[in-house]
Amino acid sequence: MSASQNETQAVYRPWRQTQGSDFRPAVILQVLPELEIGGVERGTVDIAKAIVDGGGVALVASQGGRLERELERVGARHIALPLKSKNLLTMRQNGRLLADLIGAEGVDIVHARSRAPAWSARWAARHMQVPFVTTFHGTYSGYTNPFKRYYNSVMTMGDQVIAVSGFIANHIRKYYKIDEERLNVVPRGTNVDLFNPENVSQERLIALSTQWRLNGDDYVIMLPGRLTRWKGQAFLIKAIPAMLEKIGHRNVRCLLVGSDQGRTAYREELIALSRSLDVQDIVHIVDHCADMPAAYMLANVVVCPSLDPEAFGRVPTEGQAMGRPIVATAHGGATETVLPGETGWLVAAGEVAQLSQALAQVLTLSPERREAIAQKGRQHVIEKFSLTQMAEQTLAVYDKALQRIARNNAA
């Protein structure tokens, strides 16, 4: 069994759905557009595993993708449906297909994780009279437009609604109507076995260091994330010259770890910016990395300089789990995951001078201070942002949804 499968194994008490005087495994159907790599998809697989470990039956309906095999490995079952489509006729047909699936499989709860399939899933759940749960994963664009806000609002129509952070919960309260009894904050979970310094071999570190041509003497600043403007790569590059002046040397590598996903113009813009600031020897775009635990181990500081608020943001919790200090912008999920002065630094978005100062402080930390930050960061993630925490809280939301439906039926 891989490290990514270990953390949530055998930690849940048996979770069953009562049917009269009998017991049978609860059947939970999660619905999303596809199963490619991403936070929504990863969370779906993690919760499917928790359901199975808890004695339930985990079903996932989507258009499919690279995570299908991993879903099968954790004991869940995938049902292929065209749920990525936003075509109204297809969405209507998806509703009927999901209703048939609910009936055939004896589904107890439908959990929708994205807007277009949520409209289909909501109709199916109501038609079949089973609880409907949603996860509100982001702010979703267009929320100030009445028509777009209505389209987004399906994510607040669950019998129970999960927000992935307090920031998202407050966003829901501000722009959508919802009673507090239905709103639950369940932060995204980090696999603290996978992201564990003790589980990264020297061979993995050497292989990645060789691939990236690190000499072992340079300080490494790392920004993990796809190359897109709002992630703040340009913000970080602009902060490097002043940081170099503060630390008094250029023994630094700044690694932008992420694919441009076809955004070649932005990639070229970052390269040109580095040249214009005379830091082209320091800034390196290293594209996608398949071994992020090893990548974090090579970093002296992990930077999350997003210009727009992250709904949650996995990088700060993954980096802290690996014992790395974090420098992040002071908005969105980072304000909940980073402890200023204890596990990292928070700076104002776009404030180059603040980011330069924070980076200089991290790179000049004493070994003792760095070790204290490492221990506090990992402890913080284990206590508040582990997969175990996320899974147990999600199962508790499922239980609330079942109880709410039972009360309504009794009334």
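Pairing each heavy atom of Ala112 with each of Ala121, the nearest pair is CB-CB, 4.3 Å. Between Asp193 and Asn199, the shortest heavy-atom distance links the atoms O-ND2, 2.8 Å. Nearest heavy atom pair, residue Gln320 against residue Ile326, reads CG-CG1, 3.6 Å. Between Trp212 and Val286, the shortest heavy-atom contact is NE1-CB, 3.5 Å. Smallest separation of non-hydrogen atoms from Val192 and Arg378: O-NH2, 2.8 Å.
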Between Asn152 and Arg149, does the side-chain hydrogen bond (donor to acceptor under 3.5 Å, both in side chains) criterion hold? Intermediate values first, please. CA-CA 5 Å; Asn152 298 344; Arg149 186 163 62 242; over 6 Å; no
CA sep, side-chain torsions, deciding dist, call: Cys254, Ile240, side-chain contact (heavy atoms from CB on, under 4.5 Å): CA-CA 9 Å; Cys254 176; Ile240 291 174; 3.8 Å; yes
Walk me through whether Arg173 and Glu180 qualify under salt bridge (Lys or Arg N to Asp or Glu O under 4.0 Å). CA-CA 9 Å; Arg173 294 183 183 105; Glu180 289 294 324; 2.7 Å; yes
Could you go step by step and tell me if Val161 and Ile178 meet the side-chain contact (heavy atoms from CB on, under 4.5 Å) rule? CA-CA 9 Å; Val161 177; Ile178 189 169; 3.8 Å; yes
I'd like to know whether Asn184 forms a side-chain hydrogen bond (donor to acceptor under 3.5 Å, both in side chains) with Gln160, so could you lay out the CA-CA distance, the side-chain angles of the two residues, the decisive distance to 0.1 Å, and finally the verdict. CA-CA 7 Å; Asn184 310 268; Gln160 292 295 319; 2.9 Å; yes
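Each of Glu36, His78, Glu34 was compared with Ser62 under the side chain to side chain donor-acceptor pair (under 3.5 Å) criterion, and only His78 meets it. Checked options Asn300, Leu363, Val362, Val283; the residue passing with Ile221 is Leu363 (criterion: side-chain contact (heavy atoms from CB on, under 4.5 Å)). Considering Arg92, Met155, Met157 as possible partners of Trp119, the one that fulfils the side-chain contact (heavy atoms from CB on, under 4.5 Å) test is Met157.
Asn215 is linked by a side chain to side chain donor-acceptor pair (under 3.5 Å) to Asp218, counting only residues two or more places apart in sequence or in another chain. The ring-ring contact (aromatic ring centres under 6.0 Å, His included) test applied to Tyr219 returns His249, not counting sequence neighbours. In this structure Glu268 satisfies the side chain to side chain donor-acceptor pair (under 3.5 Å) test with no other residue, sequence neighbours excluded. By the ring-ring contact (aromatic ring centres under 6.0 Å, His included) test, Tyr140 pairs with Phe136, sequence neighbours left out. Residues forming a side chain to side chain donor-acceptor pair (under 3.5 Å) with Gln357 (at least two apart in sequence, or on another chain): Lys246. Taking Gln375 as the reference, Glu371 meet the side chain to side chain contact (heavy atoms under 4.5 Å, CB included) condition, with sequence neighbours excluded.
In this structure, His127 and Trp123 have parallel ring planes: the angle between them is below the 30° cut-off, well short of the 60° mark.
Remark: the backbone N or O of Thr156 is paired with a side-chain donor or acceptor of Arg182 at under 3.5 angstrom. Of the possible polar contacts, none joining the Glu392 side chain to the Gln389 backbone as a donor-acceptor pair under 3.5 Å is found.
Counting heavy atoms from C-beta on, the side chains of Asn94 and Pro117 never come closer than 4.5 Å.
Atom NZ of Lys148 has more than 12 neighbouring heavy atoms from other residues, nucleotides or ligands inside a 6.0 Å radius.
The aromatic ring centres of His137 and Phe312 sit 6.0 Å or more apart.
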